[in-house]
Amino acid sequence: MKRTLPILAVLVVLLAAIAVANPFFLEPAGFLAFLKRAAPLVILAAGQYFVIVSGEFDLSVGSLVTAEVVIAARLIDGDESATWPVLALLIVVGLFAGLVNGVLTTKLRVPSFIVTLGMLLILSGAVFLWTGGAPRGALSEGFRVFGRGGLGPLPWSVLILLAVGAAAIWLMRADFGKTLMATGDNERAAALSGVRVDRAKIFAFMLSGLAAAVAAILLGGFAGVSAQVGQGLEFSAITAVVLGGVVLGGGRGSALAAMAGAVTLEALFTLLNLYGISGALEFTVQGVIIIAAVAAGAIRLPRKFTPRRGDAHAAS
C-alpha cells in the first residue's frame with residue numbers, strides 16, 4: 001500500500017485541479033464519464049504491468065487494439081447475430097498474440113523489445129494492407145453497448161474496469177504474482193529455486209494480449225472504427241505503469257499503483273485539455289515521465305551485486 005500512496009496523492013491533486021476548472025466533474029455523471037474514458041488505458045496498463053514486472057516489455061498492444069477493432073468491424077459488418085462469436089474471436093486473437101510474443105521471447109531468447117516491436121510493425125502493416133487506410137464494415141449495436149451503454153447509471157466500461165482491476169490485484173497476491181515478481185527481480189535465482197520462468201513470462205504476455213482485446217472492445221464501442229484507434233497506446237500504457245512506481249527491469253511494483261498511474265495520466269491529459277494546451281504535448285509529457293521514472297529508479301535501487309575484495313583478486 002505504501003507504494004501506492006505517492007501516485008494516489010498526485011491523482012487527488014489532479015482531480016481537484018480538474019474540479020476547479022470544471023465543477024461538473026464533481027457530479028457523479030461527470031466523474032463516471034471520466035472513468036469511462038480512462039477505462040481502456042487502465043486495462044492496458046494492468047496488462048502491461050504483468051509484462052514489465054516480469055522483466056520484459058510489450059510494445060505491440062497499441063497495434064493489437066487497432067487490429068482487433070478493424071477485424072471486428074469487417075467480420076460483424078452491422079450483423080447483430082455475429083456480435084458474440086466475434087467478441088469470442090477477439091479474446092482468442094489477443095491471447096494468441098500474447099502467446100506468440102511470449103514464446104518468441106522465452107524459447108528463442110529474442111529480447112521482448114525486439115519481438116513486440118516486430119509484432120507492432122507486422123500488425124500495423126497487416127491492418128493497412130487489409131484496409132488501405134480506410135477500415136470497412138461496421139460494428140453492431142450489441143458490440144458498441146460495451147463502450148457506450150451501461151447497467152443503470154454505471155457504464156459497462158467502468159464495471160469491466162473494476163472486474164479487471166480486482167482480477168489483477170488477486171493474481172498478484174496469489175502464487176502466480178509471487179512467481180512473476182521473483183522472475184523479474186532475479187530470473188536466474190528464480191529458476192534455480194524451481195520457478196518455471198518461461199511459463200510465467202508467457203502467461204504474462206498472454207494477460208497483456210487479453211487486456212488489449214478487452215480495451216479494443218471498449219474503444220471500438222466508445223469511439224467507433226478507425227485505423228488509428230490504438231495508435232500510441234503502447235507508450236501510454238508503459239508511461240502509466242512507470243508513473244505508478246513500477247520499476248522498468250522488473251521485480252518491483254504494485255498492480256494497483258500501475259492502474260492508478262493510468263488514471264493519473266488520463267487526469268493529466270484531461271487537465272491539459274481543459275486549459276487549452278495542445279494535445280501534441282501529451283507525447284512530450286509521456287517522454288519526460290518515462291525518463292524521470294527510470295532515472296529515479298536507477299538512483300533509488302541498490303546494485304544487485306557488489307563484488308567482494310576476494311572476488312576481485314580472484315578475477316584478476
Exercise for review: Determine, step by step, whether L151 and W156 satisfy the side chain to side chain contact (heavy atoms under 4.5 Å, CB included) criterion, reporting the C-alpha distance in whole Å, the side-chain angles of both residues, the deciding distance to 0.1 Å, and the verdict.
Suggested key: CA-CA 6 Å; L151 186 63; W156 281 115; 4.3 Å; yes

Check your understanding: Taking atom CG of L104 and atom CE of M119, what is their separation to the nearest 0.5 Å?
Key -> 7.0 Å

Review point. When hydrophobic residues are tied together by side-chain contacts of less than 4.5 Å, even through go-betweens, does V263 share a cluster with F222?
Key: no

Review point. Closest approach of P40 and L218, non-hydrogen atoms and distance?
Key: CG-CB, 4.2 Å

Review point. Can you tell me if Y49 uses its side chain to pair, donor with acceptor, with the backbone of G253 under 3.5 Å?
Key: yes

Exercise for review: Begin from the C-alpha positions of N22 and T270 and carry the test side chain to side chain contact (heavy atoms under 4.5 Å, CB included) through to its verdict.
Suggested key: CA-CA 10 Å; N22 179 19; T270 300; over 6 Å; no

Point to revise | Short side-chain to backbone donor-acceptor contact, S54 and L180, under 3.5 Å | key: no

Review point. Roughly how far, to the nearest 0.5 Å, is CG of L233 from CG of L44?
Key: 5.5 Å

Exercise for review: For residues N101 and S60, determine if any side-chain heavy atom of one lies less than 4.5 Å from a side-chain heavy atom of the other.
Suggested key: yes

Practice item. Output yes when a side-chain donor or acceptor of E80 lies under 3.5 Å from a complementary backbone atom of E141, and no otherwise. Key: yes

Exercise for review: For F25, enumerate each residue passing the ring-ring contact (aromatic ring centres under 6.0 Å, His included) test, keeping only those at least two apart in sequence or located in another chain.
Suggested key: F31, F34

Practice item. Taking all non-hydrogen atoms of both residues into account, name the closest pair between T4 and S254 and its distance. Key: OG1-OG, 3.7 Å

Check your understanding: Sub-3.5 Å donor-acceptor pair from the side chain of Q48 to the main-chain atoms of I238, do we have one?
Key -> no

Check your understanding: Can Q231 and T66 be counted as having a side-chain donor-acceptor contact under 3.5 angstrom?
Key -> no

Review point. Which residue pairs pass the salt bridge (charged side-chain N to carboxylate O under 4.0 Å, His left out) test when at least one of the two sits in residues 238-249, sequence neighbours left out?
Key: none

Revision key, fill the gap. A19 and L26 have their tightest heavy-atom pair at CB-CD2, 3.5 Å

Exercise for review: Determine, stepwise, if the pair I91 / I217 fulfils side chain to side chain contact (heavy atoms under 4.5 Å, CB included).
Suggested key: CA-CA 9 Å; I91 297 298; I217 292 169; 4.3 Å; yes

Check your understanding: Linking I/L/V/M/F/W/Y whenever any side-chain heavy atoms sit under 4.5 Å apart, do L243 and V13 land together?
Key -> no

Check your understanding: Can you tell me how far CG of L59 sits from CG of L120, rounded to the nearest 0.5 angstrom?
Key -> 7.0 Å

Exercise for review: State the CG-CZ distance between L171 and R173, to the nearest 0.5 angstrom.
Suggested key: 12.0 Å

Review point. Step by step, would you call I71 with W130 a side chain to side chain contact (heavy atoms under 4.5 Å, CB included)?
Key: CA-CA 10 Å; I71 290 170; W130 196 22; 3.7 Å; yes

Review point. So, for L139 and G220, which heavy atoms are closest and what is the spacing to 0.1 Å?
Key: CD1-O, 3.4 Å

**Study point:** G102 backbone acceptor or donor facing T105 side chain under 3.5 Å
**Key:** no

Exercise for review: Report the residues that fulfil ring-ring contact (aromatic ring centres under 6.0 Å, His included) with W84, sequence neighbours left out, ordered by chain and then residue number.
Suggested key: F146

Review point. What's the spacing between S140 OG and D79 CG if we round to 0.5 Å?
Key: 8.0 Å

Review point. Is F205 close to T116 at the side-chain level, that is, under 4.5 Å between some pair of heavy atoms?
Key: yes

Check your understanding: Taking all atoms of both residues into account, what is the closest heavy-atom pair of L8 and A260, and its distance?
Key -> CD2-CB, 4.0 Å

Review point. Quick one: ring-ring contact (aromatic ring centres under 6.0 Å, His included) pairs with a partner in residues 87-118, sequence neighbours left out?
Key: none

Check your understanding: Which atoms form the tightest heavy-atom contact between V246 and A258, and what is the distance?
Key -> CG2-CB, 4.1 Å

Exercise for review: Using ring-ring contact (aromatic ring centres under 6.0 Å, His included) as the criterion, list what pairs up with F176, not counting sequence neighbours.
Suggested key: F203

Considering only distance and modelled atom types, tabulate donor-acceptor pairs under 3.5 Å from the side chains of residues 194-202, sequence neighbours left out.
{"from": "D198", "atom 1": "OD2", "to": "K107", "atom 2": "NZ", "distance (Å)": "3.4"}
{"from": "K201", "atom 1": "NZ", "to": "E56", "atom 2": "OE2", "distance (Å)": "2.5"}
{"from": "K201", "atom 1": "NZ", "to": "E187", "atom 2": "OE1", "distance (Å)": "2.8"}

Point to revise | Side chain to side chain, S208 and V61, heavy atoms closer than 4.5 Å | key: yes

Check your understanding: What distance do E266 atom CD and S236 atom OG have between them, rounded to the nearest 0.5 Å?
Key -> 9.0 Å

Practice item. Tell me whether I122 is reachable from L117 by hopping between hydrophobic residues (I, L, V, M, F, W, Y) whose side-chain heavy atoms are closer than 4.5 Å. Key: no

Review point. Given the rule that I, L, V, M, F, W and Y join up when any side-chain heavy atoms are under 4.5 Å apart, are L99 and I114 in one cluster?
Key: yes

Review point. When hydrophobic residues are tied together by side-chain contacts of less than 4.5 Å, even through go-betweens, does V288 share a cluster with I290?
Key: no

